[in-house]
Participant: 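For reference, the structure I am asking about is given below.
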Amino acid sequence: APVAGGMSTVGRMDGAFFVSRTELLSWANAILDMSLIKVEQCANGAVYCQIIDACHPGAVQMKKVNWQARDEHQCLPNYKVLQQAFDKVGIQRHIDVDKLVRGKYQDNLEMLQWIKTYFD
């Protein structure tokens, strides 16, 4: 299990930041039993919540996560749940919600890379 707060200092030169999009999606699909085909599908925050919940069972209020969230205003509560989970388990990572909810590839790729490093 990861050391609480230990991954907050992971820099861009860390190994995970060289993990390809395809590898990241395969990894996320394998641990979550999903069929994501694009990194941008993580933009609503639900996938990030699920992965952190896999690391810290019970830390994420999964019943509050809206998997159907599409618009920014629907996604924001998912990130609130994620931030609460981060706080609960001592993850010191700023979540750039404004960028992530826009569904931009690069922002979500970096978040997924970071979260994989944390998971590993």
Side-chain angles (χ1 to χ4, degrees):
V3 178
M7 294 310 302
S8 58
T9 56
V10 171
R12 289 179 192 272
M13 297 311 290
D14 190 271
F17 291 97
F18 297 105
V19 176
S20 74
R21 170 186 62 87
T22 320
E23 277 180 80
L24 284 167
L25 290 172
S26 299
W27 166 78
N29 285 333
I31 64 164
L32 303 178
D33 193 25
M34 293 178 74
S35 49
L36 299 168
I37 51 171
K38 292 174 10 193
V39 169
E40 295 86 336
Q41 288 173 283
C42 299
N44 75 1
V47 169
Y48 304 134
C49 287
Q50 185 83 56
I51 294 170
I52 293 300
D53 191 60
C55 295
H56 302 280
V60 182
Q61 293 181 294
M62 290 306 296
K63 65 182 182 296
K64 288 188 172 183
V65 175
N66 177 4
W67 284 91
Q68 307 311 313
R70 295 285 169 264
D71 304 331
E72 285 186 29
H73 72 277
Q74 293 175 322
C75 300
L76 292 175
N78 287 350
Y79 284 101
K80 191 174 181 186
V81 168
L82 184 63
Q83 186 64 65
Q84 288 168 342
F86 275 22
D87 295 344
K88 190 173 184 177
V89 300
I91 298 173
Q92 314 253 308
R93 161 111 182 158
H94 171 70
I95 304 170
D96 201 338
V97 179
D98 294 339
K99 281 185 175 177
L100 292 168
V101 294
R102 288 194 194 111
K104 293 278 191 296
Y105 170 76
Q106 190 60 39
D107 300 319
N108 281 281
L109 179 71
E110 287 174 12
M111 182 66 173
L112 199 55
Q113 287 170 329
W114 178 84
I115 232 163
K116 181 180 187 317
T117 308
Y118 182 81
F119 185 88
D120 291 346

Participant: Could you go through residues 68-75 and list every donor-acceptor pair under 3.5 Å that involves a side-chain atom there, pairing it with any protein atom two or more places apart or in another chain?
Facilitator:
| residue | atom | partner | partner atom | Å |
| --- | --- | --- | --- | --- |
| Q74 | OE1 | R70 | N | 2.8 |
| Q74 | OE1 | D71 | N | 3.0 |

Participant: Tell me the closest heavy-atom pair linking A43 and G103, and the distance in Å.
Facilitator: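 For A43 and G103, the tightest heavy-atom pair comes out as CB-CA, 3.5 Å.
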
Participant: Rounded to the nearest 0.5 Å, what's the gap from CE on M34 to CG on L25? Could you check?
Facilitator: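 So the CE of M34 and the CG of L25 are separated by 10.5 Å.
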
Participant: Do C49 and M62 touch side chain to side chain, with heavy atoms closer than 4.5 Å?
Facilitator: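 Yes, their side chains come closer than 4.5 Å.
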
Participant: Go through the steps for L24 and V39 under the test side chain to side chain contact (heavy atoms under 4.5 Å, CB included), then give the verdict.
Facilitator: CA-CA 8 Å; L24 284 167; V39 169; 5.6 Å; no

Participant: Output the distance between atom CD (E23) and atom NZ (K116), rounded to the nearest 0.5 Å.
Facilitator: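 NZ of K116 is found 7.5 Å from CD of E23.
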
Participant: Could you give me the CA-CA distance, side-chain angles and deciding distance for F119 and H56, then say whether ring pair (Phe, Tyr, Trp, His ring centres under 6.0 Å) is met?
Facilitator: CA-CA 10 Å; F119 185 88; H56 302 280; 9.9 Å; no

Participant: To the nearest 0.5 Å, what is the distance between CG on L109 and CH2 on W114?
Facilitator: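 L109 atom CG to W114 atom CH2 measures 14.5 Å (nearest 0.5 Å).
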
Participant: Given the rule in the side chain to side chain contact (heavy atoms under 4.5 Å, CB included) test, do I115 and L112 qualify, once you have shown the distances and angles that lead to the verdict?
Facilitator: CA-CA 5 Å; I115 232 163; L112 199 55; 4.2 Å; yes

Participant: Tell me which pairs pass side-chain hydrogen bond (donor to acceptor under 3.5 Å, both in side chains) where either residue lies in residues 44-53, with sequence neighbours left out.
Facilitator: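 Sorted result for residues 44-53: Y48-N108.
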
Participant: May I ask you to check whether F86 and H94 place their ring centres under 6.0 Å from each other?
Facilitator: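 No, the ring of H94 stays outside the 6.0 Å limit from the ring of F86, centre to centre.
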
Participant: For residues I31 and I51, determine if any side-chain heavy atom of one lies less than 4.5 Å from a side-chain heavy atom of the other.
Facilitator: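 Result yes, sub-4.5 Å side-chain heavy-atom pair found.
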
Participant: Quick one: CG on L82 to CD on Q61, what's the gap to the nearest 0.5 Å?
Facilitator: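 The distance works out to 12.0 Å.
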
Participant: Side chain to side chain contact (heavy atoms under 4.5 Å, CB included), that's the test. Do M111 and R93 meet it? Break it down for me.
Facilitator: CA-CA 10 Å; M111 182 66 173; R93 161 111 182 158; 4.2 Å; yes

Participant: How far apart are the C-alpha atoms of W67 and V47, what are their side-chain angles, what is the distance that settles it, and do they pass the side chain to side chain contact (heavy atoms under 4.5 Å, CB included) test?
Facilitator: CA-CA 8 Å; W67 284 91; V47 169; 4.0 Å; yes

Participant: What is the minimum heavy-atom distance between A59 and A85, and which atoms define it?
Facilitator: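 The pair with the smallest heavy-atom distance is O-CB, 3.5 Å.
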
Participant: Going by heavy atoms in the side chains, are C42 and L36 under 4.5 Å from each other?
Facilitator: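 The answer is yes, as the side chains (C-beta and beyond) meet within the 4.5 Å cut-off.
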
Participant: From E110 CD over to D96 CG, what is the distance, rounded to the nearest 0.5 angstrom?
Facilitator: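 With rounding to 0.5 Å, CD (E110) is 10.0 Å from CG (D96).
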
Participant: Does D98 have any side chain to side chain donor-acceptor pair (under 3.5 Å) partners at least two apart in sequence or in another chain, and if so, which?
Facilitator: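 Scan of D98 (side chain to side chain donor-acceptor pair (under 3.5 Å), adjacent residues dropped) gives none.
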
